[in-house]
Amino acid sequence: MSNAYLDALKKRRTQYSLGRNLSVSKEALASLIQEAIKHSPSSFNSQSSRAVILFGAESEKLWDIAIDEVRKVAPAEGFDKTEAKLKSFAAGVGTVLFYEDQDVVRSLQEKFALYADNFPVWSEQAGGMAQLAVWTALANAGVGASLQHYNPLIDAAVARQWDVPAYWKLRAQMPFGSNENGFGDKPFMDDAERFRVIG
């Protein structure tokens, strides 16, 4: 069965070799990212996902922050490899910082006390869906990306740099840019180990 959504989803791959050779404008990319997040589902239509979209020098600042913060906790021996990896993320066009608004979560917990324990979980699920939606939309537009998690190491410095509200919780970082390398074959587990079709 042919399915355009699955075709788009299959294009979503991790790209570590990012560049700046894109013909898509900054404005078009920002709009694409915003639309993908806007149309991602969330429990109770809470719309708890937030994003800070950094381009150019601002994205480079993020990865400089990451280098500084990781250096504080990583062994000095071999740090050059870690630094090179972090610098590779700065080589792209930009970075999306994905957040979940904890004020929204707390408000729902108060309003619907019966489900209070679930709202943090549902917020994380909403955030994951927003991340996948953005990644797939970028891939479908020919833009490479990867998903990184340098939170909570970088949270405070990032919040200071871009005046991020204290109630926004950083969940992931997505550097993006041109695909400067191809993709190898993606291995998959045997379907029988993952799925049960009943009836």
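Hydrogens, waters and symmetry mates are skipped; everything else that's a heavy atom, side chains included, is used.
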Residues in side chain to side chain contact (heavy atoms under 4.5 Å, CB included) contact with S23, at least two apart in sequence or another chain: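 By the side chain to side chain contact (heavy atoms under 4.5 Å, CB included) rule, S23 matches no residue at all.
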Under the side chain to side chain contact (heavy atoms under 4.5 Å, CB included) test, residues paired with L114 that sit two or more places apart: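 Checked L114 against side chain to side chain contact (heavy atoms under 4.5 Å, CB included); zero matches.
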Would you say the side chains of [X] and [Y] form a donor-acceptor pair under 3.5 Å?
X    : Y    : answer
E58  : W162 : yes
N21  : E180 : yes
N151 : Q173 : yes
E100 : S123 : yes

Is there a side chain to side chain contact (heavy atoms under 4.5 Å, CB included) between D7 and N3 once you walk through the steps? CA-CA 6 Å; D7 291 343; N3 185 295; 5.8 Å; no
Sequence neighbours excluded, which residues qualify as salt bridge (Lys or Arg N to Asp or Glu O under 4.0 Å) partners of D68?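 D68 satisfies salt bridge (Lys or Arg N to Asp or Glu O under 4.0 Å) with no other residue.
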Give, for atom [atom1] of [X] and atom [atom2] of [Y], the distance between the pair rounded to the nearest 0.5 Å.
X    : Y    : atom1 : atom2 : value
L29  : Q34  : CG    : CD    : 11.0 Å
Q109 : Q102 : CD    : CD    : 8.5 Å
M174 : I53  : CE    : CD1   : 11.5 Å
T95  : F89  : OG1   : CZ    : 9.5 Å
S48  : D103 : OG    : CG    : 11.5 Å
F183 : T14  : CZ    : OG1   : 8.0 Å

Is [Y] reachable from [X] through a run of hydrophobic residues whose side-chain heavy atoms are each under 4.5 Å from the next?
X    : Y    : answer
V96  : L18  : no
Y150 : V52  : yes
Y99  : W63  : yes
I65  : V70  : yes
V105 : F112 : yes

Heavy-atom count check: over 12 atoms from other residues, nucleotides or ligands less than 6.0 Å from D80 CG?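 Counting neighbours around CG of D80, more than 12 heavy atoms of other residues, nucleotides or ligands fall under 6.0 Å, so yes.
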For the OH atom on Y115, are there more than 12 heavy atoms of other groups (residues, nucleotides or ligands in this structure) within a distance under 6.0 Å?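 Open.
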Quick one: does [X]'s side chain have a donor or acceptor within less than 3.5 Å of a partner on [Y]'s backbone?
X    : Y    : answer
R13  : G184 : yes
R20  : G92  : yes
S31  : A28  : no
Q131 : G127 : yes
R50  : Q47  : yes
S46  : S42  : no
D190 : A192 : yes

Determine, stepwise, if the pair L9 / L132 fulfils side chain to side chain contact (heavy atoms under 4.5 Å, CB included). CA-CA 9 Å; L9 197 60; L132 178 61; 3.9 Å; yes
Could you go step by step and tell me if L32 and V143 meet the side chain to side chain contact (heavy atoms under 4.5 Å, CB included) rule? CA-CA 11 Å; L32 180 75; V143 179; 5.8 Å; no
Between E83 and K87, is there a salt bridge with N-O shorter than 4.0 Å?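 E83 and K87: salt-bridged.
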Assess the residue pair Q125 and S43 against the criterion (side-chain hydrogen bond (donor to acceptor under 3.5 Å, both in side chains)); give the C-alpha distance rounded to whole Å, side-chain angles, the decisive distance to 0.1 Å, and a yes or no. CA-CA 9 Å; Q125 291 172 346; S43 68; over 6 Å; no
Considering all heavy atoms of both residues, which atom of N181 and which atom of Q15 are nearest to each other, and what is their separation?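 The pair with the smallest heavy-atom distance is O-NE2, 2.7 Å.
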Closest contact, heavy atoms only, S40 versus A36: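 Heavy atoms only, the tightest pair is OG-O, 2.7 Å.
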Quick one, F176 with I33, criterion side chain to side chain contact (heavy atoms under 4.5 Å, CB included). Give me CA distance, side-chain angles, the key distance, then yes/no. CA-CA 11 Å; F176 61 90; I33 292 163; 4.1 Å; yes
